[in-house]
Engineer: 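Can you keep this structure in mind? I'll have questions shortly.
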There are 2 protein chains.
Amino acid sequence: MSDRPYHHGNLRAALLAQAERTVRERGVQDLSLRELAREVGVSHGAPRRHFPDRQALLDALAEAGFERLGTELRSAFDRAGDDFEARLRSTAAAYVRFATRDAALLELMFAGKHRERSLQEAAERAFSVILELIEQGQAEGALEAGEADRVGLVLFATVQGIAALVTSGMVSAERLDELVADATTHFLRGSRTAA
Amino acid sequence: MSDRPYHHGNLRAALLAQAERTVRERGVQDLSLRELAREVGVSHGAPRRHFPDRQALLDALAEAGFERLGTELRSAFDRAGDDFEARLRSTAAAYVRFATRDAALLELMFAGKHRERSLQEAAERAFSVILELIEQGQAEGALEAGEADRVGLVLFATVQGIAALVTSGMVSAERLDELVADATTHFLRGSRTAA
DNA sequence: CAACAATGTAGACTATGACAACAATGGTGT
DNA sequence: ACACCATTGTTGTCATAGTCTACATTGTTG
């Protein structure tokens, strides 16, 4: 019923795209290789040529996720001008936006992070913006000195935690912005080197 | 091969106990009802009498998890004496301990939270300690005034985020205590009503 | 002690992931 | 041009899982 040529042409990309949609709409546990193949219009064995097993597809999905997250963080950072606090708020908001919009994907990104080396690297690239941010803050004296990653981790953890609370439904989505703003203010006050 | 009576006696509890172990050791996605039944020594259909489907078992698991978490938080709170900061640090540490030791279970607890009403209540009971804590802090002036849940959420989010970072392997487990201490200090500095 | 509810068993059905053998296609070197 | 071969899809099979239904055993209660 289709005049699709024997070779799909870019099956791998098509599978990933469809998988990302399914994950967003119905979660990771509902993602089936066979259903994916059906939706894309290939036989149930075809995906195997591109992903040895289900986990490999999930890993690829996670890697693409880090790619996109990195882009969005960078964009938010750049868009905010030179002011440190503005950049901080913009970047934090961007992270939370991603985390709540693609909660299942983020979960995947965090979960898969143990295994693949390429994932490690993708994650580090995505988070490099945060490190830059912290370094600027320290240079301007808005943040206490010290290892940038140590200070950054506390900020990162807070933002990540807020996203988790909203995602889990423990906090309503409407309170997201308020909460992020609170946390950022908190962070800035708590980080300023004691007067 | 067994003289086990036809009726197990407390199948439900046995299933939950075994399930909790499996989840801790191999994660949620590896939990199989049939395998569970085998391990407990009943037929593959037996669990159905106690849990209509797989999700029901997971919900029960989550509820038990909240029960235990609540107990551990309460215990940490009580053990710490009357001092606010001591209580704060003790409780935060207890939460992170639970979250990293039973990461998969916590994930379950967060994920299932949408659906069941009994879960909602179990969660609220477990987290009531945190609210108490915040209220004490505000009464003593260590924390800024305002809605207790709003302030508490920022703290909670941070602790939760730290646990997530460690669980995901983005931060090594050795840095856990250091990070929690940092975050707590941060939180206290950031929360004190501006001098 | 006779019904009846609760609990466990056995078998069937469908779906999935993984694997292997086979088919079609596209590119490459001569 | 064409034979060869790597790539990519297809088809069939297997083991396992979740769920459902019919049936068996046991405990309880009037």
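Remember, it's a predicted structure, so these values are computed and weren't measured experimentally. These numbers come from the heavy atoms of this one structure, side chains and all, not from hydrogens, waters or symmetry mates.
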Engineer: Would you say H50(A) places a side-chain N or O within less than 4.0 Å of OP1 or OP2 belonging to dG9(D)?
Structural biologist: yes

Engineer: Measure CG/D30(A) against C1'/dG17(C) and give the value in whole Å, please.
Structural biologist: 15 Å

Engineer: Can a side chain N or O of S32(B) be found less than 4.0 Å away from OP1 or OP2 on dT16(D)?
Structural biologist: no

Engineer: Stem ranges for DNA chain D, with three or more consecutive Watson-Crick or G-U pairs under 3.5 Å?
Structural biologist: C:1-30 with D:1-30

Engineer: Would the base of dG17(C) count as contacting R54(A) through its side chain, where contact means a donor and an acceptor less than 3.5 Å apart?
Structural biologist: no

Engineer: Does dA17(D) have OP1 or OP2 under 4.0 Å away from a side-chain N or O of R38(B)?
Structural biologist: yes

Engineer: Please determine, by modelled atom types, if R89(A) and T185(A) share a side-chain donor-acceptor pair under 3.5 angstrom.
Structural biologist: yes

Engineer: Among dT19(D), dG9(D), dT9(C), which is the nearest nucleotide to the side chain of V42(B)?
Structural biologist: dT9(C)

Engineer: Given the rule that I, L, V, M, F, W and Y join up when any side-chain heavy atoms are under 4.5 Å apart, are L188(B) and L153(A) in one cluster?
Structural biologist: yes

Engineer: Which pairs with one or both residues in residues 154-175 of chain B pass salt bridge (charged side-chain N to carboxylate O under 4.0 Å, His left out), sequence neighbours excluded?
Structural biologist: D149(A)-R175(B), R175(B)-E178(B)

Engineer: Please work out if L31(A) contacts a base, only the sugar-phosphate, or nothing of the nucleic acid, heavy-atom cut-off 4.0 Å.
Structural biologist: sugar-phosphate

Engineer: Round to the nearest Å and state the distance from R49(A) atom CZ to dC19(C) atom P.
Structural biologist: 12 Å

Engineer: Calculate the interatomic distance between L15(B) atom CG and dT7(C) atom C1'; express it in whole Å.
Structural biologist: 12 Å

Engineer: Let me know the distance between CG of L33(A) and C1' of dT16(C), rounded to the nearest Å.
Structural biologist: 9 Å

Engineer: Using whole Å, report how far CZ of R26(A) lies from C1' of dT16(C).
Structural biologist: 14 Å

Engineer: Can you measure N10(A) atom CG to dT7(D) atom P for me and round it to whole angstrom units?
Structural biologist: 18 Å

Engineer: Count the heavy atoms belonging to other residues, nucleotides or ligands that lie under 6.0 Å from CZ of R101(B), then report whether that count exceeds 12.
Structural biologist: no

Engineer: In whole angstrom, give the distance that lies between atom NE2 of H44(A) and atom C1' of dG12(D).
Structural biologist: 7 Å

Engineer: Would you mind telling me which residue lines up with the more 5' stretch of DNA chain C, P52(A) or L11(B), judged by nearest nucleotide?
Structural biologist: L11(B)

Engineer: Parallel, tilted or perpendicular for F110(A) and F156(A), by the 30°/60° rule?
Structural biologist: tilted

Engineer: Using atom CD of Q29(B) as one end and atom P of dT16(D) as the other, report the distance to the nearest whole Å.
Structural biologist: 18 Å

Engineer: Is there a path of hydrophobic side-chain contacts, each under 4.5 Å between heavy atoms of I, L, V, M, F, W or Y residues, that connects V40(B) with L57(B)?
Structural biologist: yes

Engineer: Are S75(A) and R79(A) linked by a side-chain donor-acceptor pair shorter than 3.5 Å?
Structural biologist: yes

Engineer: Would you say R48(A) reaches dC19(C)'s phosphate, i.e. side-chain N/O to OP1/OP2 under 4.0 Å?
Structural biologist: yes

Engineer: Reckon R12(A) touches a base, only the sugar-phosphate, or nothing at all at heavy-atom distances under 4.0 Å?
Structural biologist: nothing

